[in-house]
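See structure below.
We name chains A, B, ... by the order of the sequence lines, and we start the count at 1 in each one. Being a predicted model, the structure only gives us computed values, none of them experimental.
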Amino acid sequence: MCFYIARLKFGEAKLRAYREMDGSTSGVEDNDIDWNTEDELELDNFTLSPCSSLLLTGGEANAFSGEASSCPSSSNSKVLDQFIGMGFSKKMVEKAIQEHGEENTDAILEMLLSDSVLESSSQELQQTDSDHFSSDYDGSFLDDFSDLESSGDEEIMSPTSEEEKLLMSLIKMGYTEEEASIAIERCGLSSSLLELTDFLSAAHLAKAEDALLPLEQKPGLKHLHTDYPKKKRKLLVNQVSKRKRQNRLIGEDNETVRLPNPMIGFGIPTGPCQSHRTLPKAAIGPPYFYFENVALTPKGVWDTISRFLYDVPPEFVDSKYFCAAARKRGYVHNLPIENRIPLVPLPPQTIDEALPMSRKWWPSWDTRTKLNCLQTCHSSAKLTERIMKALEGYDDIPPERVQRGVMHECRKWNLVWVGKNRVAPLEPDEFEMLLGFPKNHTRGISRTDRYKSLGNAFQIDTVAYHFSVLRDMFPNGINVLSLFSGIGGAEIALHRLGIRMKNVVSLEISEVNRNVLRCWWEQTNQRGNLIHLPDVQELNADRLEQFMSSFGGFDLVVGGSPCNNLTGSNRYHRDGLEGKESSLFYHFFRILDLVKSIMAGI
DNA sequence: ACAAAGATGAGGCGCTTA
DNA sequence: TAAGCGCCTCATCTTTGT
């Protein structure tokens, strides 16, 4: 599937990047290439030499940079960098430049495309035990790309037929080309994407039911093949349809997920707790899994997430019940919910407790006791100035109109009082404290990066409360697959619970974040292994099997996928689950499903 | 080149009111 | 019941500064 994912990448951004590089379009959309420039450079060598891409905690990661600087083609690093920025490996680009010269970018691209096709499809063939995986589409897709280059038209990358459109959408969602083809074949070309995913979802359910039966060597596609017992699949598809009908009957319009009020999930340390729930059969581990994302998404997103994650209803929790800042999040997991224990000591529960220095300056008319959600951006000093000026003329209590204006800004930007009439945004170390991270956890990286990384992180006390049930179950420690690890919220939660991590395979695209986690890992003298990989999209079945056979499977698969296209804070690309970054959710599902299959076979 | 500052609403929910 | 209002949200993009 790597190959097809790679194709989609081209379809969306890279070809545009290439055309820009070529000077054939204006730079209006230059932002499109941002996503894979800085952070994905470590994709290099991943597919070419699997072992060398492991960034072990020893810190040999920098070996690559030395190697790169000695490369002959680095004299003109612009062409090199641009192609690397498009997602090709450094070795491949260097080889292509050597062969065709730096100027001949067309020939370079052509060679890179054909190389990556060969490389990826050979990988795919290794993964797939069936000859059913025909190369029909390889050819047509490849032809598409040849056309792309020659025509230079702006509409060229759009799929030519309805079938290809559906195919690409499904592949982007993490299904293999074969699964997608079969789904389209079975459901018909006129089917909606939802119907197709429903079909595939039901098929996966069917597969999960088969997990008890002897499994073939690789996680295959038996559950989708036409010779799969039609009766059973029909039954499962019918179940899905039945559920849909029920939803319609009760006026839910096919959307079952509603946000609870109060948002306390199955319970909080200081309140009532639900003691039992029944999980769908397909959801029951091993492994345990834990998925996180923002609670307030566009409509239907959590329905889709839940449907993919084995129909487990999300647990929505606002972290304001755990600490002094709000953080409304949804968690889909299959952990037990009985006998949860909070981390001790309990973190400060109010602004007043969390920021005692601000008490002196806190005006009586600011009635906040909790902060709003900690985000990745903060206000400027200019707003502080404006607020100070607005309040300057009043000795005591300003008029209500002024109060309202000031409070509006304070809530919007999470401002706190730091002097007479003086507000300020929270400092990065205050973010760390409120989110339950060790002090100075992110120290050493730029201030902007600290806000960004922390704004995207877990609230440790909340997650640890959910994880706490694992402690007695795994007295000897656990193996963790950590997707979208960020600065290591999950790892820190486990550590603070006293759960030993024997092996952690961590996937994180940002080098800055990987460094933060690695530093913490070393500082806390972890005895287990931390294995870092950059990109979830590159984690295939072979690689997973290698890991799992070496240390006997994963006990926990955890991750919070990118929320960029889901959060209301995004004014530009709130595109939902199909958005550029947020669609990586489907890789969480893909990888979890692979792990489940492999575990069932071990 | 990098870091920081400044400008940039929509969408969804809860609540009140007519 | 519907309309109106207040409130909140793991952000992005361009410009400016160093």
Below 30° counts as parallel, above 60° as perpendicular, anything between as tilted: where do the rings of H466(A) and Y290(A) land?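 Rings of H466(A) and Y290(A): tilted, as their planes differ by 30° to 60°.
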Using 30° and 60° as the class boundaries, would you call the ring planes of H378(A) and Y451(A) parallel, tilted or perpendicular?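 Ring orientation of H378(A) relative to Y451(A): tilted.
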Gap between atoms [atom1] and [atom2], on [X] and [N] respectively (whole Å):
{"X": "L383(A)", "N": "dA4(B)", "atom1": "CG", "atom2": "P", "result": "19 Å"}
{"X": "N565(A)", "N": "dT12(C)", "atom1": "CG", "atom2": "P", "result": "8 Å"}
{"X": "D575(A)", "N": "dT12(C)", "atom1": "CG", "atom2": "P", "result": "11 Å"}
{"X": "E400(A)", "N": "dG6(C)", "atom1": "CD", "atom2": "C1'", "result": "14 Å"}
{"X": "L454(A)", "N": "dA11(C)", "atom1": "CG", "atom2": "C1'", "result": "16 Å"}
{"X": "R574(A)", "N": "dC8(C)", "atom1": "CZ", "atom2": "C1'", "result": "11 Å"}
{"X": "K328(A)", "N": "dC13(B)", "atom1": "NZ", "atom2": "C1'", "result": "10 Å"}
{"X": "K299(A)", "N": "dC13(B)", "atom1": "NZ", "atom2": "C1'", "result": "10 Å"}

Searching all strands shown, indicate the nucleotide that pairs with dA4(B) (Watson-Crick or G-U wobble; both distances under 3.5 Å).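 Check on dA4(B): paired to dT15(C), both distances under 3.5 Å.
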So what does [X] hit on the nucleic acid, given a heavy-atom distance under 4.0 Å: a base, only sugar-phosphate, or nothing?
{"X": "S582(A)", "answer": "nothing"}
{"X": "K382(A)", "answer": "sugar-phosphate"}
{"X": "A295(A)", "answer": "nothing"}
{"X": "C373(A)", "answer": "sugar-phosphate"}

So does [X] get a side-chain nitrogen or oxygen closer than 4.0 Å to the phosphate oxygens (OP1/OP2) of [N]?
{"X": "H573(A)", "N": "dC13(C)", "answer": "yes"}
{"X": "N564(A)", "N": "dT12(C)", "answer": "yes"}
{"X": "Q375(A)", "N": "dA11(C)", "answer": "yes"}
{"X": "T448(A)", "N": "dA4(B)", "answer": "yes"}
{"X": "R411(A)", "N": "dC8(C)", "answer": "yes"}
{"X": "S380(A)", "N": "dA5(B)", "answer": "no"}
{"X": "S446(A)", "N": "dA4(B)", "answer": "yes"}
{"X": "T567(A)", "N": "dT9(C)", "answer": "no"}

Measure from the side-chain heavy atoms of R447(A) and tell me the nearest of dA4(B), dT9(C), dT12(C).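 The listed nucleotide nearest to R447(A)'s side chain is dA4(B).
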On DNA chain B, does the nearest nucleotide to N570(A) precede the nearest nucleotide to H378(A) from the 5' side, or the other way round? Give the residue.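 Residue closer to the 5' terminus by nearest nucleotide: H378(A).
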Of H441(A), R450(A), K439(A), which meets side-chain hydrogen bond (donor to acceptor under 3.5 Å, both in side chains) against E432(A)?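 Between E432(A) and the candidates, side-chain hydrogen bond (donor to acceptor under 3.5 Å, both in side chains) is satisfied uniquely by R450(A).
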Does the gap between the ring centers of Y331(A) and F291(A) come in under 6.0 Å?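 No, the ring centres sit 6.0 Å or more apart.
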Would a line drawn from the ring center of F316(A) to the ring center of W302(A) be shorter than 6.0 Å?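 Here the rings of W302(A) and F316(A) have centres that are less than 6.0 Å from each other.
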Cationic N near anionic O, under 4.0 Å, R340(A) to E315(A):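 Looking at E315(A) together with R340(A), the answer is yes, because their closest N to O distance falls below 4.0 Å.
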Both R404(A) and T376(A) contact DNA chain C. Which one's nearest nucleotide lies toward the 5' end?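 The residue closer to the strand's 5' end, by nearest nucleotide, is R404(A).
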On a plain distance test, is the side chain of R329(A) in donor-acceptor contact with the base of dC10(C) below 3.5 Å?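 Looking at the base of dC10(C), it does pair with a donor or acceptor on the side chain of R329(A) (distance under 3.5 Å).
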Between dG9(B) and dT15(C), how many Å separate the two P atoms, rounded to a whole number?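 Here dG9(B) and dT15(C) have their P atoms 15 Å from each other.
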